[in-house]
Protein chains: 2
Amino acid sequence: MNELSTEDRIKQAAKALFQEKGYSGTRTRDIAERSGINLALLNYYFRSKQKLFELVMLETIQQFFGTLPQYLNNPETSLDEKIQLLSRRYIDFLKTEPDLPLFILSEIRHNASGLIEKMNLNEVVFKSVLAKQYAEAMGRTEVDTKEIYMLIINPLSLIIFPFVARPMVMALTGLDQNGFDQMMEQRKTLIPIWNRNMLNSDLNTTSSNTTI
Amino acid sequence: MNELSTEDRIKQAAKALFQEKGYSGTRTRDIAERSGINLALLNYYFRSKQKLFELVMLETIQQFFGTLPQYLNNPETSLDEKIQLLSRRYIDFLKTEPDLPLFILSEIRHNASGLIEKMNLNEVVFKSVLAKQYAEAMGRTEVDTKEIYMLIINPLSLIIFPFVARPMVMALTGLDQNGFDQMMEQRKTLIPIWNRNMLNSDLNTTSSNTTI
DNA sequence: AAAGAATTTAAACATATGATTAAAATATCT
DNA sequence: AGATATTTTAATCATATGTTTAAATTCTTT
């Protein structure tokens, strides 16, 4: 009853291997071995390595970006609470899938079919409750692009970059894997504080004392 | 007199292609075509695709990390001036080599030979003038690891991540390539301001009003 | 100019890789 | 239980890929 179907076993193995080695570096024979299947089954179930890859990519992109709207759009949390939830949940998620962000960022960079352009993420962002909350705090109805840097890009930079650049971060800090994990735990609470202070620099610039 | 040697032409083509397609996705025939040489010359000059790759990697890693010490160690600039210089220079550099960070981060993640572990980057960081300046401002002789997050990891996150995640950032902000470039120009001055405010959150925590 | 060294060329090689094929095995339906 | 559909298997195929080889060409030295 707990047995995965052959199709799912292939997909799981492919997802892991594509993340580890990239598309070109992953052979169909690697996928067959890891999923414990006969090589020809990959073509039977998915028709080609390329088709399998596209399917895995779609699912993985959905996994990475798909939860973003819910963090930005909960009307019952404040702006700060949203950044707190985003930090905590994304870090928890990335700790379970440490290879995923690098894989996604690498593939969307080289992928000519524009998968994420089709997701209308900028609408999600500009029309989010988070953006509205910030605009209201500034006494306006809309945020501008520069404000999106602080509201979205900077938190995501602080959350995701250490995962993408883990060997580099470990080399710079001298932390081992365990230390790195602890660092990311600490950043769950630190990132919202830092971000609040970055937002405050904009508030100070506009001489507003509004508390969000 | 301006003629590049055959060896250099191969290296340049290889560097560009490895960044675009990765190691496995780049064929020796691609490199030969792009450098305008006969295929066998790759083996004549570099013995193998693997050896060529290792050489290109070494040079590229040096290019990416090699300038870091000079930004952290100039005794004639304040802490804030160092972050300003780091932001400006790294952003300028990355605008000329937009594919480089993703390539480096991807390869050091999968590279078992531990190239960057041998660089003793954490010594560079912990013993830097920057770290000393911060410790002095805190009335101590040394910084701890958490402080390195703010002094080094956070600025690097804010600087490098948008380049690594360019399609994602463009999708979230709705910016085109031109807009993205302008955004990075703005971040040259914004990142030091933001970082100063993050550091201030630590200063406030320790109830110190010291100005650095 | 001739000899020797270095570079370049085109073809061939040995192996790898994604895909196909046909038969065998298993599952499902009547 | 037999017929049919689906899944699996092992071998084979067609092409790709990194590398080698030997000859030709160019460069350097005497």
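Values below: every heavy atom of this structure, side chains too, minus hydrogens, waters and symmetry copies. Every chain is numbered from 1, with letters handed out A, B, ... down the list of sequences.
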Starting at atom [atom1] of [X], determine the distance to atom [atom2] of [N], rounded to an integer number of angstrom.
| X | N | atom1 | atom2 | result |
| --- | --- | --- | --- | --- |
| B:Asn43 | C:dA11 | CG | P | 17 Å |
| A:Leu42 | C:dT20 | CG | C1' | 13 Å |
| B:Ile37 | C:dA10 | CD1 | P | 12 Å |
| A:Leu41 | C:dA19 | CG | C1' | 13 Å |
| A:Tyr45 | C:dT20 | OH | C1' | 17 Å |

Any donor-acceptor N/O pair, B:Lys82 side chain to B:Asn74 backbone, under 3.5 Å: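 A pair under 3.5 Å: yes.
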For B:Arg29, is there any backbone N or O sitting under 3.5 Å from a side-chain donor or acceptor partner on B:Arg27?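 No, the answer is negative, given that no donor and acceptor are paired below the 3.5 Å cut-off.
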When the nearest nucleotide of DNA chain D is assigned to B:Tyr44 and to A:Leu39 on a heavy-atom basis, which residue is associated with the more 5' position?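 It is A:Leu39 whose nearest nucleotide is closer to the 5' end.
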Shortest non-hydrogen contact from A:Ala135 to A:Thr141?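 Scanning both residues completely, I find the closest heavy atoms to be CB-C, 3.7 Å.
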Taking all non-hydrogen atoms of both residues, which atom of A:Lys11 and which atom of A:Glu59 are closest, and how far apart?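 Taking A:Lys11 first and A:Glu59 second, the nearest heavy atoms are NZ-OE2, 3.0 Å.
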Which residues in residues 46-55 of chain B have a heavy atom closer than 4.0 Å to any atom of DNA chain D?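 Residues of residues 46-55 of chain B under 4.0 Å from DNA chain D: B:Ser48, B:Lys49.
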Using a strict heavy-atom distance below 4.0 Å, which residues from residues 7-35 of chain A are in contact with DNA chain D?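 Hits under 4.0 Å, by residue number: none.
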Contacts table for residues 37-44 of chain B: side-chain donor-acceptor under 3.5 angstrom, sequence neighbours left out:
residue : atom : partner : partner atom : Å
B:Asn38 : OD1  : B:Ala40 : N            : 3.0
B:Asn43 : ND2  : B:Arg47 : O            : 3.3

For residues 116-129 of chain B, please give each side-chain donor-acceptor pair under 3.5 Å, one per line with the distance, not counting sequence neighbours.
residue  : atom : partner  : partner atom : Å
B:Lys118 : NZ   : B:Ser113 : O            : 3.4
B:Ser128 : OG   : B:Val125 : O            : 2.7
B:Ser128 : OG   : B:Ala131 : N            : 3.1

Do any side-chain nitrogens or oxygens of A:Asn38 fall under 4.0 Å of OP1 or OP2 in D:dT8?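 Result: no.
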Can you list, pair by pair, the side-chain donor-acceptor contacts under 3.5 Å of residues 152-168 of chain A, counting residues two or more places apart and other chains?
residue  : atom : partner  : partner atom : Å
A:Asn154 : OD1  : B:Arg187 : NH1          : 3.1
A:Asn154 : OD1  : B:Arg187 : NH2          : 2.8
A:Ser157 : OG   : A:Ile153 : O            : 2.7
A:Arg166 : NE   : A:Gln177 : OE1          : 3.4

Can you give each donor-acceptor pair under 3.5 Å made by side-chain atoms of residues 48-56 of chain B, sequence neighbours left out, with the distance rounded to 0.1 Å?
residue : atom : partner : partner atom : Å
B:Ser48 : OG   : B:Gln50 : N            : 3.4
B:Ser48 : OG   : B:Lys51 : N            : 3.0
B:Lys49 : NZ   : B:Tyr23 : O            : 3.1
B:Lys49 : NZ   : B:Thr26 : O            : 2.7
B:Gln50 : OE1  : B:Tyr23 : OH           : 3.1
B:Gln50 : NE2  : B:Glu54 : OE2          : 2.8

